[in-house]
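Comments concern the structure below.
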Protein chains: 2
Amino acid sequence: MTNATAEIAPGRKTEAKTLAAQVYEKLREDIVAGHLEPGSKLKLEQLLSKYSVGMSPLREALSRLVGDMLVTSQGQRGFRVAPLSLTELEDIARTRSFLETEALSLSVQKGDEEWLETVEQSYRALAQNEEELDASNGEPPSDLVSRWEESNRQFHAALLSACGSVWLLRLNSILNQQMERYRRLSLRHSRGHRDIAGEHYAIYKAVKDRKILKACELIEQHLDLTTEEVRRALLQNEEEAAEA
Amino acid sequence: MTNATAEIAPGRKTEAKTLAAQVYEKLREDIVAGHLEPGSKLKLEQLLSKYSVGMSPLREALSRLVGDMLVTSQGQRGFRVAPLSLTELEDIARTRSFLETEALSLSVQKGDEEWLETVEQSYRALAQNEEELDASNGEPPSDLVSRWEESNRQFHAALLSACGSVWLLRLNSILNQQMERYRRLSLRHSRGHRDIAGEHYAIYKAVKDRKILKACELIEQHLDLTTEEVRRALLQNEEEAAEA
DNA sequence: ATACAAAAAAATTTCGAAATTCTTGACTTT
DNA sequence: AAAGTCAAGAATTTCGAAATTTTTTTGTAT
């Protein structure tokens, strides 16, 4: 065990990472990113070398991913990446929309001025990112896209952060993680024009003005548009697979 | 490995159970039942002998329970049973109510005659159980209580089964599991009189008559009354602990 | 008595091999 | 050709010991 370093030991502010926790994180990222094929058998011997880890930490990580619903296990037959399907996409999208609008509604009702300040800051960071994306010609550089994704994630988290329900946020984040698998899968397709920046601004404005119904309506539309993009891409995927 | 038996091998209709899966199930039950103290450190050496299992299957089971949010882990310092708190109880109760009323609403809208037949059967089994409970003098035998709990669970599952959302049911069952920990903790206290059978009948009747709003209102009240019982018992627990 | 350092003991995590189960391919029977 | 049986190889699961980390105890200095 080599990962508890000298800088960490005094005061122990940062969590020591076991090998199992490290490989869990890598596996989780790879599943969400689609690098491990949905539905595919996870061959343990291959994963041992791919992730430079032993059997016990690997099985621990996979077991935890079973609890996260990103992996399925079958006794004596090992583990598989959880499958994806259009039916499930619709279910996740509806359920996420249902939860996220509730969380937003509660947030707008309960959030104090400090919260609103946080929302404003995250909106500004996002808006700046979106301007840079707009200004980039052709295909934007991947680090710019990554930064946009992070600031988008933070804007949405800030919006919901005053909802007062740890569990609502947990469940919503489970659904977001599932949804992200679909979104990543859809990135291989060019998308139609969509004014995401405008959508974000409208949501931010409604929240700033404390218009609960409006905000919920807008975020629902925002989520629905994302789902529509993903759905279209997945359908294209299926058509291309049928032609091959 | 001894648990794949000869009866199972032909056709393989039933899942082969690894040791890890078996100890996972036992640990899960013991945590939900409160046999393992909320917040307590899970000492691996003790668990090895308690559950007659080796270190690898044990750690796999615990890792999965981390994913289930019944156990917390801290790198290099092992695992703990997830804590309970009054604040969390309220959060879980609200969130569960929110999800379960939605699932019921969808179920009543979408459920066909076959579904309604299933609901009716489960209601009849529950009602019979409740009559037997009523007829038993003093403290009812524990097998009767267990049977009531199972038929109660099945009634609720039947009610929601036509909602058309795998994910809504999954999330709701996560919350039910969490809530069950609190309910079990509250069983050590006698409870005030409550007409649970009447509540079940009213819900069943509203569902049978396809009165969505009424059904949702009733199930919300039903869940709230359960929460109130649990809350009162937990407050009593705290008072008793303060006196000791 | 308190604080610090070092050693010992306990606990946790991981390793690598052994045990067990599943899958595949070869062969035989119908 | 299809179905069944068996053995070999591959994959999965578990074991028990070793390695590592944390906690506790002991000893020393102030």
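Naming convention: chains lettered A, B, ... in sequence-line order (proteins, then strands); numbering from 1 in each chain. Bear in mind the structure is a predicted one, so any value in this text is a computation, not a measurement.
Here D:dA11 presents its P atom at 14 Å from CG of A:Leu42, a figure rounded to the nearest Å. For the pair B:Glu60 CD and D:dT13 C1', the computed distance is 7 Å after rounding to whole Å. The NZ-C1' distance, from A:Lys41 to D:dT12, rounds to 8 Å in whole Å. Regarding A:Gln76, its CD atom lies at a distance of 16 Å from the P atom of C:dA19, rounded to whole Å. Per the geometry, CG belonging to B:Leu58 stands 11 Å off P belonging to C:dT13, to the nearest Å. We find that CZ of A:Arg80 is positioned 14 Å from C1' of D:dT12, with the value rounded to whole Å.
Of the listed nucleotides (D:dT23, D:dT13, C:dA11), D:dT23 has the atom at the smallest distance from the side chain of B:Arg77. Among the nucleotides D:dT14, C:dT14, C:dT12, the one closest to the side chain of A:Arg59 is D:dT14. Of the candidates D:dT14, C:dT13, D:dT13, D:dT14 carries the atom nearest the B:Pro57 side chain, counting heavy atoms from C-beta on.
Side chains of A:Leu175 and B:Leu171 form a contact here, defined as non-hydrogen atoms less than 4.5 Å apart.
In summary, A:Glu229 and A:Arg232 do not engage in a salt bridge, as defined by a charged side-chain N under 4.0 Å from a carboxylate O. A salt bridge between A:Glu88 and A:Arg181 is absent, with no side-chain N of the basic residue lying under 4.0 Å from a carboxylate O of the acidic one.
The list of side chain to side chain donor-acceptor pair (under 3.5 Å) pairs with a residue in residues 78-87 of chain B, not counting sequence neighbours, is empty. Within the structure, side chain to side chain donor-acceptor pair (under 3.5 Å) contacts touching residues 33-46 of chain B (residues at least two apart or in different chains) are B:Asp30-B:His35.
For DNA chain D, the neighbouring residues in residues 43-56 of chain A, judged by any heavy atom under 4.0 Å, are A:Leu44, A:Glu45, A:Met55.
In the displayed structure, B:Gln128 atom CD is contacted under 6.0 Å by at most 12 heavy atoms of other residues, nucleotides or ligands.
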